[in-house]
Every structure is written in C-alpha cells, then in structure tokens.
Amino acid sequence: MAGNPTPALTDRFSRPLHDLRISVMDRCNFRCPYCMPEATYHEHFRFLEPKERLSFDEIERVARVAVSLGVRKLRLTGGEPLLRPKLPELVARLASIEGVEDIALTTNGVLLERHVRDLKEAGLNRVTVSLDSLDPAVFARMSGGRAQLEPVLEAIDSAAQAGFSGGVKLNTVVQRGLNDAGVEALAERFRHSGVVLRFIEYMDVGTRNHWERAEVVPSRELRERIDVRWPLEPVDAHYRGEVAQRYRYCDGAGEVGFISSVTAPFCGDCSRARLSSEGQLYTCLFASKGTDLRTLLRSDADDAALRDLLAGVWRRRTDRYSEERAASSDAPARRRIEMNYIGG
C-alpha cells in the first residue's frame with residue numbers, strides 16, 4: 001500500500017516553494033544604472049573571490065534538496081551568469097535532477113552566441129535576454145558604456161534559431177526619461193519573431209540605483225500605447241505565480257508581457273526563493289538579509305540537515321515587500337540586498 005504523499009511546503013501565506021533562482025556570479029560586464037551603477041561598482045570594487053562562491057557540487061546539492069521540497073523550476077542568474085566558466089556543465093548537472101521540469105537562463109546577451117549550442121545540448125529549456133533599447137546610444141548609456149547593441153541582437157537571433165523548448169524572452173526595464181520613448185520600436189521589432197518581449201517597471205531593487213517613483217512608467221500606460229498601434233487581448237497565466245501579465249496581438253503577431261511589481265504587486269502568489277553566489281538563501285527580491293547555506297554545505301552536515309534548514313526558512317516566510325510599498329507611500333526606507341548578488 002502506498003504511503004501518504006509528502007504535504008506541500010508552504011509559507012505563512014500558503015505560498016508554495018516552486019522556483020529557485022540561482023546566482024552563479026556576482027560580477028557583470030555591464031554597469032546598468034538601475035542595477036550596478038559605475039559609481040559604486042568601479043574598477044576597485046571588491047567582488048567575491050572564486051573560493052567564496054558556491055561550487056557546482058554545492059549548487060547541485062542545494063538544487064536537489066530544493067526539488068525534494070517542491071521546486072520544479074530553476075533559473076540561473078547573476079550578475080552575468082555566462083561569466084562563470086563551464087556553465088553548460090552546471091546546466092547538464094541540474095537537468096539530470098529528477099523532478100526538475102524547467103531550467104532557464106537570464107543573461108545580458110553579450111556572451112550568449114558563443115555558448116548557445118552547448119547550453120541547448122546541456123538541457124537548458126529557456127533563455128531570457130535583457131534588452132533595454134534598440135537605440136544604440138540609449139543602449140550604451142543603459143549598459144554603462146560596456147557593450148554594443150548589434151552583438152546582442154545577433155545573439156537573440158541565434159538563441160531563437162536554436163530551438164529552446166521554452167523559447168526566448170526579452171526583459172526591458174523601462175525608466176521614464178531614459179528609454180521609455182523606444183517602447184513601440186521594441187514591440188515592432190519583435191512582433192512576428194516568436195520572441196516574447198516583456199516590459200518591467202523600474203523597481204527599487206537594492207539601495208544604490210537612487211530609485212524614484214517618478215521614474216516608473218506604469219505597465220498600464222505602456223500597454224495602452226502599444227494597444228493603440230497593435231490591438232492586444234489578455235492571455236491566461238500559464239500557472240499560479242507567473243510574474244508577467246500576458247497579452248497577445250490580435251493580428252496573430254505573437255505575445256507581449258508586462259511585469260508590474262510597483263503598480264500591481266504580485267506578492268500574494270510569489271513562489272520564488274533566491275540563492276546568491278556565495279550561498280545565502282533569500283526569500284524575497286527585496287530582502288534585507290538571507291540565510292547562510294554555505295557554512296552548512298562546507299561542514300559535515302548531511303542532506304537531511306540542509307533539507308530541514310530550507311524547509312524551516314520557507315515555512316517562516318512572510319515577505320510581501322511590494323504590497324507593503326504600494327500600501328504606504330511614506331514607508332521608511334530599509335536596507336535591501338543588491339540585485340547583482342541574487343539576480344532578478
């Protein structure tokens with residue numbers, strides 16, 4: 001007779017643990033002003049040493065235990081994850097874990113083309129590329145002057161042609177007065193391409209980007225601008241907790257999404273945990289502190305101890321920062337982890 005199934009692991013708001021985002025590298029070859037501004041992350045900034053980052057063995061171990069607790073989707077992030085040597089090897093190891101249904105990668109695209117084939121063969125399901133503008137001057141400004149536009153566009157085309165089972169998505173962070181004028185150009189470029197474009201409201205991630213609410217362009221405004229030129233209709237979410245509000249072009253040209261963390265928070269369905277490159281587990285993108293896993297991983301503790309630690313952290317989780325921010329415009333500022341340590 002079969003035993004009773006393991007009860008679903010949920011937090012104090014009944015949100016399941018379903019997604020684990022794994023930062024494999026705190027460094028990045030861009031200096032985007034909303035994430036890693038040059039003034040802070042200059043040539044003398046101290047990033048982690050290789051021995052301080054989790055090894056592939058340690059990452060795989062955390063992922064296996066997380067999957068035993070209900071995680072089904074893994075996403076590799078940074079910094080820029082493709083700066084981590086032999087990343088396809090890690091993808092293959094994660095793809096071999098029984099119960100993993102989806103492995104994705106978020107990248108700025110500069111190094112993507114040279115790794116596309118190896119990543120696909122290793123078992124990567126999806127690729128998300130950050131692309132904030134089609135204007136070369138604006139693109140250069142938003143990357144901190146660290147990259148040119150054309151190689152990124154070529155990498156996006158290569159990824160689209162590679163045939164990833166989950167396809168290719170583009171993330172565009174929209175900041176008023178900086179790149180908001182180019183929204184329609186992006187939509188026009190990627191209509192009919194099979195690539196899904198997603199516009200993200202400029203968020204107060206970390207404490208070093210000098211975020212101001214006035215620079216946020218609400219998703220509703222963007223949606224209305226696109227709808228005027230190319231009528232849109234809503235699409236049902238793929239699953240509970242999907243961050244993007246999905247729309248399709250009525251003329252059949254594909255799909256576009258809107259991520260509205262500022263104006264329409266979705267904390268109530270958040271099922272994501274984040275593992276930093278040095279082994280801190282965070283239960284919110286806006287968390288002020290994490291839980292140290294590296295010390296346990298480098299001790300003689302067994303997987304049962306790691307499993308108990310992960311489960312305990314999730315069961316105690318009460319994070320709902322974006323909802324709290326929306327409910328109180330004069331809420332006091334608090335320290336938050338920087339995005340280059342835990343990805344988006």
Side-chain angles (χ1 to χ4, degrees), residues 6 8-11 13-26 53-79 81 84 87-107 119 122-128 166 169 171 205 238-244 266-267 269-287 289-294 296-297 303-317 319 337 339-344:
T6 302
L9 177 65
T10 58
D11 67 10
F13 292 127
S14 299
R15 297 171 293 189
L17 175 60
H18 186 264
D19 302 63
L20 179 63
R21 299 191 171 191
I22 303 169
S23 174
V24 297
M25 173 61 70
D26 58 315
R53 302 186 190 102
L54 294 187
S55 68
F56 285 180
D57 285 343
E58 291 165 336
I59 291 171
E60 181 184 358
R61 184 180 174 194
V62 173
R64 285 186 183 277
V65 172
V67 169
S68 77
L69 293 169
V71 165
R72 294 294 175 264
K73 299 176 64 177
L74 303 174
R75 177 176 289 277
L76 301 179
T77 68
R84 183 73 182 253
L87 190 65
E89 176 186 322
L90 176 61
V91 172
R93 293 171 68 163
L94 297 177
S96 72
I97 299 174
E98 185 176 355
V100 172
E101 297 174 357
D102 184 72
I103 302 176
L105 172 76
T106 299
T107 173
L119 290 166
L124 190 72
N125 302 110
R126 292 186 293 134
V127 174
T128 298
K169 291 184 173 67
N171 282 350
V205 177
H238 285 302
Y239 55 89
R240 178 189 173 189
E242 187 172 26
V243 298
F266 39 82
C267 300
D269 286 330
C270 180
S271 59
R272 292 170 293 284
R274 292 171 168 85
L275 180 66
S276 73
S277 50
E278 80 273 36
Q280 293 281 324
L281 183 74
Y282 294 90
T283 55
C284 180
L285 179 60
F286 303 94
K289 61 181 180 179
T291 299
D292 176 22
L293 302 187
R294 188 178 64 188
L296 184 148
L297 290 167
D303 283 356
L306 178 59
R307 192 175 192 276
D308 288 345
L309 179 58
L310 289 174
V313 168
W314 193 262
R315 289 193 182 102
R316 293 190 297 271
R317 178 185 187 238
D319 302 288
I337 189 66
M339 189 161 62
N340 66 295
Y341 280 102
I342 58 172

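Hydrogens, waters and symmetry mates are skipped; everything else that's a heavy atom, side chains included, is used.
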Of all heavy-atom pairs linking Gly166 and Arg126, the shortest is CA-CG, 3.2 Å
Across all chains, not counting sequence neighbours, the side-chain contact (heavy atoms from CB on, under 4.5 Å) partners of Ala63 are Leu74, Leu94, Ile97
Those residues at least two apart in sequence (or on a different chain) that pass side-chain contact (heavy atoms from CB on, under 4.5 Å) with Glu101 are Arg72
Test Ser68 against Arg307 for side chain to side chain donor-acceptor pair (under 3.5 Å), laying out the working first.
CA-CA 8 Å; Ser68 77; Arg307 192 175 192 276; 3.1 Å; yes
So CG of Leu87 and CG of Leu105: to nearest 0.5 Å the spacing works out to 6.5 Å
Hits for side-chain hydrogen bond (donor to acceptor under 3.5 Å, both in side chains) against Thr128, two or more places apart or cross-chain, chain-then-number order -> Arg75
Closest heavy-atom pair, Gly123 versus Val91, reported as atoms and distance to 0.1 Å, is C-CG1, 3.9 Å
Sorted by chain and residue number, the salt bridge (charged side-chain N to carboxylate O under 4.0 Å, His left out) partners of Arg294 (sequence neighbours excluded) come out as none
(Q) Before you tell me yes or no, could you show the steps for Trp314 and Thr283 under side chain to side chain contact (heavy atoms under 4.5 Å, CB included), namely the whole-Å CA-CA distance, both residues' side-chain angles and the distance that decides it to 0.1 Å? (A) CA-CA 7 Å; Trp314 193 262; Thr283 55; 4.2 Å; yes
Sorted by chain and residue number, the salt bridge (charged side-chain N to carboxylate O under 4.0 Å, His left out) partners of Asp308 (sequence neighbours excluded) come out as none
Sorted by chain and number, sequence neighbours left out, salt bridge (charged side-chain N to carboxylate O under 4.0 Å, His left out) with Arg84 holds for none
Q) Judged by atom type as modelled, is there a donor-acceptor pair below 3.5 Å linking the side chain of Asn125 to the main-chain atoms of Ala104? A) no
Side chain to side chain contact (heavy atoms under 4.5 Å, CB included) test vs Ile22 passes for just one of Ile59, Thr77, Leu90, Val62, namely Ile59
Here the gap from Ser271 atom OG to Leu9 atom CG, rounded to the nearest 0.5 Å, amounts to 11.5 Å
In this structure, CG of Asp319 is separated from OH of Tyr282 (nearest 0.5 Å) by 12.0 Å
Sequence neighbours excluded, the answer for side-chain hydrogen bond (donor to acceptor under 3.5 Å, both in side chains) partners of Asp11 is Arg15, Arg317
Sorted by chain and number, sequence neighbours left out, side-chain hydrogen bond (donor to acceptor under 3.5 Å, both in side chains) with Glu60 holds for Arg64, Arg93
Closest non-hydrogen atoms of Pro81 and Thr106, given as atom of the first, atom of the second and distance, are CG-O, 3.0 Å
Interatomic distance, CG@Leu309 vs CG@Leu297, rounded to 0.5 Å, equals 9.0 Å
Interatomic distance, CZ@Arg272 vs CZ@Arg21, rounded to 0.5 Å, equals 5.5 Å
Sorted by chain and residue number, the side-chain contact (heavy atoms from CB on, under 4.5 Å) partners of Ala305 (sequence neighbours excluded) come out as Leu296, Ala301, Asp302
Would you please test Leu293 and Leu310 for side chain to side chain contact (heavy atoms under 4.5 Å, CB included) and show each step? CA-CA 9 Å; Leu293 302 187; Leu310 289 174; 3.9 Å; yes
By side-chain hydrogen bond (donor to acceptor under 3.5 Å, both in side chains), Lys73 pairs with (sequence neighbours left out) Tyr239
One should read off an interatomic distance between Thr291 OG1 and Leu275 CG, to the nearest 0.5 angstrom, of 11.0 Å
Practice task
Indicate whether any N or O donor in one side chain lies under 3.5 Å from an N or O acceptor in the other, for Ser23 and Arg274.
Solution key: no
Residues at least two apart in sequence or cross-chain that pass salt bridge (charged side-chain N to carboxylate O under 4.0 Å, His left out) with Asp303, listed by chain then number, are Arg61
